[in-house]
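What follows is a short report on a single structure.
Order of the sequence lines sets the chain letters (A, B, ...), proteins ahead of strands, with each chain counted from 1.
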There are 2 protein chains.
Amino acid sequence: MKQIFHRRRTLRDVAKAAGVSLSTASNALNGVGRVNMETRDRVCQIAQEIGFRPNALARSLISKRSLTIGMLTNDTYGRLTLPMGAGVSEVLVDHGVSVFLCATNNDERLARLHLQALLDKQVDGIIFTATRRDVKPPPELLSLPIPVVYAFAEGPPQNVSFVPDDAHGARLAVEHLKQIGRSRILHITGPTDYLAVRIRAEGYRQSCDDPWEVMVGDWSEEWGYEAIEAVFSGNAHPRPDAIFCGNDEIARGVIDALRDRNISVPGDISVVGFDNWEVIARQTRPPLTTIDMELKELGRRAGLAMLHLSRGETVTPGIVRLPCRLVLRQSSQASG
Amino acid sequence: MKQIFHRRRTLRDVAKAAGVSLSTASNALNGVGRVNMETRDRVCQIAQEIGFRPNALARSLISKRSLTIGMLTNDTYGRLTLPMGAGVSEVLVDHGVSVFLCATNNDERLARLHLQALLDKQVDGIIFTATRRDVKPPPELLSLPIPVVYAFAEGPPQNVSFVPDDAHGARLAVEHLKQIGRSRILHITGPTDYLAVRIRAEGYRQSCDDPWEVMVGDWSEEWGYEAIEAVFSGNAHPRPDAIFCGNDEIARGVIDALRDRNISVPGDISVVGFDNWEVIARQTRPPLTTIDMELKELGRRAGLAMLHLSRGETVTPGIVRLPCRLVLRQSSQASG
DNA sequence: CTGAAAGCGCTAACAC
DNA sequence: GTGTTAGCGCTTTCAG
């Protein structure tokens, strides 16, 4: 395939066709300055007809605002980055701001390469997102000539960071379980080197009247399954009547293991997950009650903050913790 | 948060500091024209020191190449779009090309908005990707002043489109099953209004010596589960010794149903899925043999094609079908 | 109200 | 080899 494309229309074309000068055409189209109604309409009319669109590059060169931001993410677009990205561009697109997506794939060189390209292209700001909120952002971000916002990552105190309120999420889960009459609540979760794991566990301990020892493993279904085996095999373990899992995959393993043991969910034991990863949470049997981190909203907030900053406005710095949401399905209460 | 940022260094700053003219500085930094080795080094040295970086906007204004492309996708970044996006930017980043990600969310208005923004920003080209290859691309794409490449979508014949070779994938699955000695192969798949469903089914029929009637439902685990119930409940149905599923979710339902019926996988029945969606395929018990559509490679090819086109080179038009890959796990053969 | 002129930051002819 | 000049497409004083 090879196509020949004809020159784009420029403001000059419009001006000539309308028989006015460049500046008049410009003023007319932008609705600034003093310009006769009639000429204004005529210019706009003609611009429309010949399909004129202003060259954003030329504009940005003057205005020093490119209406462009970069989104730097450390993963190959995991399930976390995506909803956030959607949120970000959702709030920005109406303001004409486009988003460069840069997947650094956890590669230092790639990150630098992308960052350099972004700066060269004069992006108005950068949103850094990660798959783990305790990922250390690249140090280059600390001394940039443009604003930086952190999403699902904790930036330095002088910047704005948006993270899900994991403690709140854990509380939501536990409170819900208590409210439906559960009291022996077990927490099975992922590796403790994840900040989120530690915070969720702490949230669990604080809202539980009688917290049990937290069971720590990896993020897999397998671990959830094994954990249940461990709890129900010997007689050593006391029996829970509810299980709050650190993520949905673990919860799925837990539910499968309970079913294999003919323990009814939610009849005998209520199960709550974390993440609301639909492909898992909707497909457990029964469907999983879980905690949604509202990532899209998080993205929206980050995008909004970026918008303000790029206009030179002030945004309160610090780490903003956004509330989670309890998603009720059948795994916690029979009436669903 | 509010920060004051100081003016960026311009070529003029470099020239002044080096005591040369603008053009000499430019030539030196770009290694073009005739410029004395010593002055060249000195200029570069100084540029480095004061942290000069050329303004890509100004450059693009002259070169008419923005080193920027747009990726238009119809979904909120499904699991298909993402690996492709990674592939695209992987091949482009080394050439200084950045990618605008535009999620249209299947909204006409949003699509137009994004498209307009992209054109205004003088992107060198557009990659259109979809979640279904039979999604009709927006008609606006047909008459654009820049090249358009289709990925996981079928564009008009005069353009290049890259799609996974579903027929090949189906053949891979069936051939594999035959090779391990299976002959009564059942195909359980998704809705027939999906082009991919029809092609995979056709591939199944052609490579099977004795194809059975294809079982059609939706894309869910539930459907896979139900389908097995249907097959094994009455006596009407003949019993398969292998099941090729239209996607991994169905396969998971199938495996769960078989386990619930104490039918051994892969002992009695081999199961093969489609998609290689790891969160599912890795977590079935046993882990799922499946077909990978090599989406990242697909993205790479699309990015490469874009690169050529944006340089004005010729690319053979038409629909390019990229081979799939069989991912062996334990669900098809015991030795795994 | 409108137009001529300068300039954003950079590149590319073309003199010197 | 190096500097001067024009200009990419647009906005923006500032005269008229």
| said: Please pick, from D/dT11, C/dT2, D/dT2, the nucleotide with the shortest atom-to-atom distance to any side-chain atom of A/Val35. | reply: C/dT2
| said: Please tell me if B/Arg59 has a side-chain N or O lying less than 4.0 Å from either OP1 or OP2 of C/dT11. | reply: yes
| Are any of B/Ser26's side-chain N or O atoms less than 4.0 Å away from OP1 or OP2 of C/dC10? | no
| field | Proximity to the side chain of B/Pro54 - top-ranked nucleotide from C/dC10, D/dT12, D/dT2 | value | C/dC10
| task | Say whether B/Lys121 and B/Thr68, considering side chains only, have a donor N or O and an acceptor N or O under 3.5 Å apart. | result | no
| field | Spacing between B/Leu29 atom CG and C/dA12 atom P, to the nearest angstrom | value | 13 Å
| said: Would you say A/Ser23 places a side-chain N or O within less than 4.0 Å of OP1 or OP2 belonging to C/dT2? | reply: no
| task | Select base, sugar-phosphate, or nothing to describe what B/Thr10 touches, counting heavy atoms under 4.0 Å on all strands. | result | sugar-phosphate
| said: From the set C/dG9, D/dT12, D/dT11, return the single nucleotide nearest to any side-chain atom of A/Leu61. | reply: C/dG9
| So which nucleotide from D/dC10, C/dT2, C/dT11 ends up closest to the side chain of A/Thr24? | C/dT2
| message | Rounded to whole Å, how long is the line connecting atom CG of B/Leu22 with atom P of C/dA13? | response | 17 Å
| message | Under 4.0 Å, counting only non-hydrogen atoms across every strand here, what does B/Arg34 touch: a base, just sugar-phosphate, or nothing? | response | base
| task | Whole angstrom is fine here: how far is it from CD in A/Gln122 over to P in D/dC10? | result | 19 Å
| Between C/dC8 atom P and B/Ile62 atom CD1, what is the distance in whole Å? | 14 Å
| task | Nearest whole angstrom, please: distance from the P of C/dG9 to the CG of B/Asn30. | result | 17 Å
| field | Atom-to-atom span, CG of A/Asn27 to P of D/dT12 - whole angstrom | value | 9 Å
| request: Mind checking A/Val20 for me? I need base, sugar-phosphate or nothing, with any heavy atom below 4.0 Å counting as a touch. | output: sugar-phosphate
| A/Leu11 side-chain proximity, nearest of D/dT11, C/dA4, C/dT11 | D/dT11
| message | Any base atoms under 4.0 Å from A/Thr39, or only sugar-phosphate, or nothing? Heavy atoms, all strands. | response | sugar-phosphate
| Rounded interatomic separation in angstrom, taking CZ from A/Arg12 and P from C/dG3 | 15 Å
| query | When you measure from the side chain of A/Asp124 to the backbone N and O of A/Ser66, does any donor-acceptor pair fall under 3.5 Å? | reply | yes
| message | Using whole Å, what does the distance between atom C1' of nucleotide D/dC10 and atom NZ of A/Lys64 come to? | response | 13 Å
| Looking at A/Arg109 and B/Asp94, does any basic side-chain N land under 4.0 Å from a carboxylate oxygen? | yes
| A/Asn74 side chain to A/Thr131 side chain, donor-acceptor N/O pair below 3.5 angstrom | yes
| B/Arg12, CZ: over 12 other non-hydrogen atoms inside 6.0 angstrom | no
